[in-house]
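First up is the structure itself, then whatever we jot down about it.
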2 protein chains.
Amino acid sequence: MNIDPTMSVPIYKQIADYIRQTVAAGVYRPGEMIPSLRALALQLKVNPNTVQRAYEQLEREGLVRSRKGLGMFVTQQGAKTAQTKSEAAVCSAFARGIRAALAAGIQPPRVLTAFEKAWESVETEVRAQA
Amino acid sequence: MNIDPTMSVPIYKQIADYIRQTVAAGVYRPGEMIPSLRALALQLKVNPNTVQRAYEQLEREGLVRSRKGLGMFVTQQGAKTAQTKSEAAVCSAFARGIRAALAAGIQPPRVLTAFEKAWESVETEVRAQA
DNA sequence: TATACTGCACTAGTAGGCTAGTACACTATG
DNA sequence: CATAGTGTACTAGCCTACTAGTGCAGTATA
């Protein structure tokens, strides 16, 4: 995972989004433990406090549950919750784009074109990483 | 126009986006003057300085040019610039959504469904306003 | 010249995000 | 029991982004 400190999105939100996506994708399954505060902080080269803030948010969402002295564990409904939340975030991003397009007077057919264009650009990104 | 101070997006960016969209939509044409700092500040109930920051950004983008004592005027290539920039913003929003979807393991068909869902929700928003 | 509009520049205060440090409580394991 | 791992809680401080207030300079017009 990559953290971009220059982004306007706070680091702790980037971390929360990342963990949520991995849980949604099934990398961590219900009952399993996600990386410890200190381990992830070390890996991402950020302060443990920042990771904790991310984990607090995930716990409020009901995605994980902390067990003192043991770690943070994905709850039974965690995968489902993560999927729902992730899909909502995707919808929200799309809606923002569509709203901006209509406000700028871009016609619906051109909006679809923009979507296809975005799709292709993301696909080439993925290929480049692999 | 509505300003949402609770959004994570800074007010001055919301203003800049709004003006850019209206120029792209042809509300203000090349050679025409956009609302004065104080007039817009009064209307949106924000500080004139905040509007100025938005206008500075638009001037850097080559969308408008300031004439001391007169106002801010849309440049000749302003409309074209605004359209290009707006479309790029739309693409960017779509790409963010698609990237998040793939990271969360959402399959391509479901991504399309999410897009259609977002489209419908925006449409009902627009109807509600009208 | 006086007035009222324009943009511009400077200073100051506020809030949020991040880091750092420290200390504590719990659990498993040797 | 000692140790090393886990999460939790708190304080303090820094830095940047953002907003606000105020005053100044240019331009048009009566």
Side-chain angles (χ1 to χ4, degrees), chain A residues 1-20 22-23 28 30-75 78, chain B residues 1-20 22-23 28 30-75 78:
Chain A
M1 180 210 180
N2 290 327
I3 287 293
D4 187 354
T6 68
M7 288 266 301
S8 61
V9 183
I11 296 180
Y12 79 92
K13 277 194 181 176
Q14 293 183 46
I15 296 175
D17 290 342
Y18 168 69
I19 297 289
R20 196 182 303 109
T22 55
V23 171
Y28 303 113
E32 289 182 7
M33 178 183 164
I34 64 176
S36 80
L37 288 180
R38 292 173 181 79
L40 191 55
L42 211 62
Q43 178 192 331
L44 301 179
K45 296 187 180 66
V46 298
N47 194 281
N49 256 330
T50 306
V51 179
Q52 191 191 351
R53 288 198 62 178
Y55 282 10
E56 280 173 2
Q57 179 169 334
L58 294 175
E59 192 168 19
R60 275 195 302 274
E61 293 173 12
L63 217 128
V64 296
R65 206 183 55 186
S66 75
R67 285 163 65 187
K68 269 192 176 180
L70 292 177
M72 309 282 300
F73 296 83
V74 179
T75 61
Chain B
M1 180 211 181
N2 291 327
I3 286 292
D4 187 354
T6 66
M7 288 266 302
S8 60
V9 183
I11 296 180
Y12 80 92
K13 276 193 182 176
Q14 293 183 46
I15 297 174
D17 290 343
Y18 168 69
I19 297 289
R20 196 184 302 109
T22 56
V23 171
Y28 303 112
E32 288 183 8
M33 178 182 164
I34 65 176
S36 78
L37 289 179
R38 289 173 182 81
L40 191 56
L42 210 63
Q43 177 193 332
L44 301 179
K45 295 188 179 65
V46 298
N47 194 282
N49 233 332
T50 307
V51 180
Q52 192 192 348
R53 287 199 64 175
Y55 282 10
E56 280 172 0
Q57 179 169 332
L58 294 176
E59 193 168 17
R60 275 195 301 274
E61 294 175 9
L63 219 127
V64 296
R65 206 183 54 186
S66 77
R67 286 162 64 186
K68 268 193 175 177
L70 293 176
M72 308 282 300
F73 295 83
V74 179
T75 61

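Residue numbers begin at 1 in each chain, while the letters A, B, ... track the order of the sequences.
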Can you tell me the distance, in whole Å, between the [atom1] atom of [X] and the [atom2] atom of [N]?
{"X": "A:Gln14", "N": "C:dC18", "atom1": "CD", "atom2": "C1'", "value": "13 Å"}
{"X": "A:Gln57", "N": "D:dG7", "atom1": "CD", "atom2": "P", "value": "17 Å"}
{"X": "B:Ile34", "N": "C:dG7", "atom1": "CD1", "atom2": "C1'", "value": "11 Å"}
{"X": "A:Gln52", "N": "C:dT19", "atom1": "CD", "atom2": "P", "value": "13 Å"}
{"X": "B:Leu70", "N": "D:dA25", "atom1": "CG", "atom2": "C1'", "value": "13 Å"}
{"X": "A:Phe73", "N": "D:dG5", "atom1": "CZ", "atom2": "C1'", "value": "12 Å"}

Inset, instruction - May I ask you to decide if B:Leu63's main-chain N or O and B:Thr75's side chain share a donor-acceptor pair within less than 3.5 Å? - result: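 Between the backbone of B:Leu63 and the side chain of B:Thr75 there is a qualifying donor-acceptor contact (under 3.5 Å).
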
Inset, instruction - Drop me the distance from A:Ile15's CD1 to A:Arg53's CZ, to the nearest 0.5 angstrom. - result: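 If I round to the nearest 0.5 Å, the distance is 10.5 Å.
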
Inset, instruction - To the nearest 0.5 Å, tell me how far B:Tyr55 OH sits from B:Ile19 CD1. - result: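 Interatomic distance, B:Tyr55 OH to B:Ile19 CD1, rounded to 0.5 Å: 4.5 Å.
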
Legend entry - Side-chain touch A:Arg60/A:Gln57, heavy atoms, less than 4.5 angstrom: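 Yes, their side chains come closer than 4.5 Å.
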
Legend entry - Note, B:Leu58 side chain near B:Glu61 side chain (heavy atom, < 4.5 Å):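 Sidechains of B:Glu61 and B:Leu58: in contact.
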
Atom pairs and distances, donor-acceptor, side-chain atoms in residues 33-47 of chain B, under 3.5 Å, two or more places apart:
unit_1, atom_1, unit_2, atom_2, d
B:Ser36, OG, B:Ala39, N, 3.1
B:Asn47, OD1, B:Asn49, N, 2.8

Legend entry - Nearest-nucleotide 5' precedence on DNA chain C, B:Glu56 against B:Ser36: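 This one resolves to B:Ser36.
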
Inset, instruction - Name the nucleic acid region contacted by A:Leu37, choosing base, sugar-phosphate or nothing; use a 4.0 angstrom heavy-atom cut-off, strictly under. - result: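 Answer is base: heavy atoms of A:Leu37 come under 4.0 Å of a base.
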
Legend entry - Shortest non-hydrogen contact between A:Glu59 and A:Met72, atoms and distance: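 Scanning both residues, the minimum pair turns out to be OE1-CE, 4.4 Å.
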
Inset, instruction - List the protein contact pattern of nucleotides 15-23 of chain D with one symbol per nucleotide (5' to 3'): B for base contact, S for sugar-phosphate-only contact, - for none; contact means a heavy-atom distance under 4.0 Å. - result: ---BBBB-B

Inset, instruction - Using heavy atoms to find the nearest nucleotide of DNA chain D for B:Gly69 and A:Gly69 separately, return the residue whose nucleotide is more 5′. - result: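 Closer to the 5' end of DNA chain D: A:Gly69.
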
Inset, instruction - Scan residues 58-68 of chain A against DNA chain D and write down, sorted by residue number, each residue with any heavy atom closer than 4.0 Å; if none is found, say none. - result: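 Contacts with DNA chain D under 4.0 Å: A:Glu59, A:Ser66.
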
